[in-house]
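Here the structure comes first, spelled out in structure tokens, and everything after it is commentary.
In what follows, chains are A, B, ... by sequence order, proteins preceding strands, each numbered from 1. It should be emphasised that the depicted structure is a prediction, and the values quoted were computed from it without experimental measurement.
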Number of protein chains: 2
Amino acid sequence: MNLEWLTLFVDVAYRGSFAATARERNLDPSSVSRTIADLEVALGLRLFQRTTRKLALTEAGERYLAGIEPILDELNRAQEYAHASVDSPRGTLRLTASATFGLRCIVPLLAEFRERYPELRVEGLFTDDNVDLVAERIDLAIRLSPQIEGNYVATQLMKTRYRVVASPDYLGRSPALVKPSDLTAHRCVLLAVRAYQRRWVFRDNMGNMTEVPIEGDLVLSPAASVQVAALAGIGPALLPDWLVDEDIAAGRLLDLFPSYSVAATMFDTGAWLIYPSREFLPKKVRVMIDFLKEKIRRT
Amino acid sequence: MNLEWLTLFVDVAYRGSFAATARERNLDPSSVSRTIADLEVALGLRLFQRTTRKLALTEAGERYLAGIEPILDELNRAQEYAHASVDSPRGTLRLTASATFGLRCIVPLLAEFRERYPELRVEGLFTDDNVDLVAERIDLAIRLSPQIEGNYVATQLMKTRYRVVASPDYLGRSPALVKPSDLTAHRCVLLAVRAYQRRWVFRDNMGNMTEVPIEGDLVLSPAASVQVAALAGIGPALLPDWLVDEDIAAGRLLDLFPSYSVAATMFDTGAWLIYPSREFLPKKVRVMIDFLKEKIRRT
DNA sequence: ATTCATTCGTGCATATTCCGCATGAGCATA
DNA sequence: TATGCTCATGCGGAATATGCACGAATGAAT
């Protein structure tokens, strides 16, 4: 059965004529005749009594008309009700990011986001665990990576530089740290990610690469713990700029090799916004993407 | 949009899998995939978020599901509600017959019909005027005719013989009426139908036809009036057996030429039950047809 | 880390359905 | 009685739906 059959049936019932209904809908009368006949077969009911030149609803037809007219209205309302959740920034936005990125970069912005979109509820899943985006019904994910592969749409939020930092207190009581290879004489604070624990790679302005093996007896997670440890003077640490630039600006930490690019895995990494598809993108996702880009690019 | 799409959507939403839904419905998974994609385009909404191996309703999808599930139930109920009017003898049956046939042959039976079908309401339109069966929403018509043509289904209810009758009182004070041609000496009571007013045709047992020109200064309608006039001794009248047999049996009228078949138009006429179609015949029409055949054939 | 099995998406060909045209039968009106 | 219009139906072409085959992706098992 086709919904179009039902709306046609209602139309014919009110016009009292196949031919008039056909004219109004720019159809051939034969199509109207067949469609009504098909509907009668599908229902197992005679809906209209008709001869040439005359047409009248049967009793069953009147009952069926009474039954489906509200239903057709409800179908439209169901579509509008579903649309309401995506056409304006309302409902619930489920957002995921790594624990530290979420905590330091996203959470501080949510007060203003709430001001701007009072009807939108945000559920932030900030974890370093692997998150199943489909099963968790995630609307928007933030991933820290050189690049994003897979079927999801990815738009870069920001580029990330990593810095080797230590506190002034630590530096005042430790062997000199002038060039990267000096790190071998220090016990570093390490992030609990395998790729971050063996060696750090330095690239100078000329593009020369230096790979420095590092050691450390303190391996922490999440990245914020490593930051706190560095601030406490426990040792040098490799941390992203979005995490430590404020401490550096305030003199709480020092960027030990500012003229180098440093990476534990790959250079040219960054934070990416990831969402399932540009097609049928709910407004709530759109506004969060725009908001984050606006806020994070301003800093 | 197709209702099948909607039921498929509900199915997928509950099974959480295109492939599982396809198996259950004996479809190819590609058809399920396309159907859901078509529904999403028609609605302008993403209903499911999916990758390979994972499928979850979106918020809009959940809302739409909540909206249409009751609607699908209502559609079934609308069909059942419409069917209820035809699947059992209830509702209103609109019946038409000629004024006299309705009054004398149908009305006396309606008390028993009501006993038998208490939930069925009968509207009898007994008139000698031409009745538009479609416009008047007639379920069942009774027509007196040699045969029925046209698109309607016709089943014969009874055969009709016409009789020339007069009252004993009239005969006692009038010229002898021995053979049909004797009628030319009498002023007859005529039915106000053109075909009944010029000549009556007599057919004897051997098949010999005699056409007798008749005259009368009293032309009445409906046929019951002619009967009453004959009973009052005003003159001979040509009337159908179902109208006068009781008077004959009681001696109130005499059949003047019982060994002849008489007709004003054609012989071998009868009463026919006429209804629009055997297909999708409502129960109420069926039971009335069966009832009339049972009752009228018993008398 | 690799392999395997399964899911969802899509191109292509085929089957099915829908639609308009033409025509006929029937009916109401002039 | 003739005419014009409605509804029904055969037929052919256009549009849509479906299955098959295949590929990409993913989760589970090894």
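Not one side-chain nitrogen or oxygen of Ser31(A) sits closer than 4.0 Å to the OP1 or OP2 atom of dC18(C). Note on Ser17(A): a side-chain N or O is less than 4.0 Å away from OP1 or OP2 of dC7(D). Put simply, Lys54(B) has a side-chain N or O that comes within less than 4.0 Å of OP1 or OP2 on dG27(D).
Taking atom CD1 of residue Ile36(A) and atom C1' of nucleotide dC7(D), one finds them 12 Å apart after rounding to whole Å. For the pair Asp38(B) CG and dG9(C) P, the computed distance is 12 Å after rounding to whole Å. Asp132(A) has its CG atom 14 Å from the C1' atom of dT7(C), to the nearest Å. In this entry the distance linking CD of Glu24(B) with C1' of dT7(C) reads 17 Å, nearest Å. In this structure, Glu40(A) places its CD atom 13 Å from P of dC7(D), rounding to the nearest Å. Rounded to whole Å, the distance from CG on Asp28(B) to C1' on dT16(C) is 16 Å. The distance between atom CD of Gln49(B) and atom P of dT7(C), rounded to the nearest whole Å, is 18 Å. Following rounding to the nearest Å, Leu55(A) (CG) and dG26(C) (C1') show an atom-to-atom distance of 15 Å.
Between Tyr152(B) and Ser30(A), the one whose closest nucleotide on DNA chain C sits nearer the 5' end is Ser30(A). Both Arg23(A) and Pro29(B) lie near DNA chain D, and the one whose nearest nucleotide falls closer to the 5' end is Arg23(A).
Considering only side-chain atoms of Trp5(A), the nucleotide from dT9(D), dT10(C), dC18(C) that sits closest is dC18(C). Closest to the side chain of Arg53(B), out of dT6(C), dT9(D), dT6(D), is dT6(C). Among the nucleotides dG11(C), dC27(C), dC8(C), the one closest to the side chain of Thr51(A) is dC27(C).
Looking only at atom types and distance, the side chain of Glu69(B) has a donor-acceptor partner in the side chain of Tyr14(B) under 3.5 Å away. Looking at Tyr81(B) and Glu74(B), their side chains never bring a donor and an acceptor atom within 3.5 Å of each other.
Formation of a donor-acceptor pair under 3.5 Å by the Asp139(B) side chain with backbone atoms of Arg94(B) is found in this model. Side-chain N or O atoms of Ser221(B) include none that pairs as donor or acceptor with a backbone N or O of Ala192(B) at under 3.5 Å.
With hydrogens and angles ignored, no donor-acceptor pair under 3.5 angstrom links the side chain of Arg50(B) to the base of dG9(C). Taking 3.5 Å as the limit, the base of dG19(D) and the side chain of Arg25(B) contain no donor-acceptor pair of atoms between them.
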Original post:
What's the verdict on salt bridge (Lys or Arg N to Asp or Glu O under 4.0 Å) for Glu59(B) and Lys284(A), showing C-alpha distance, side-chain angles and the deciding distance?
Top reply: CA-CA 11 Å; Glu59(B) 189 176 345; Lys284(A) 64 186 180 185; 2.5 Å; yes

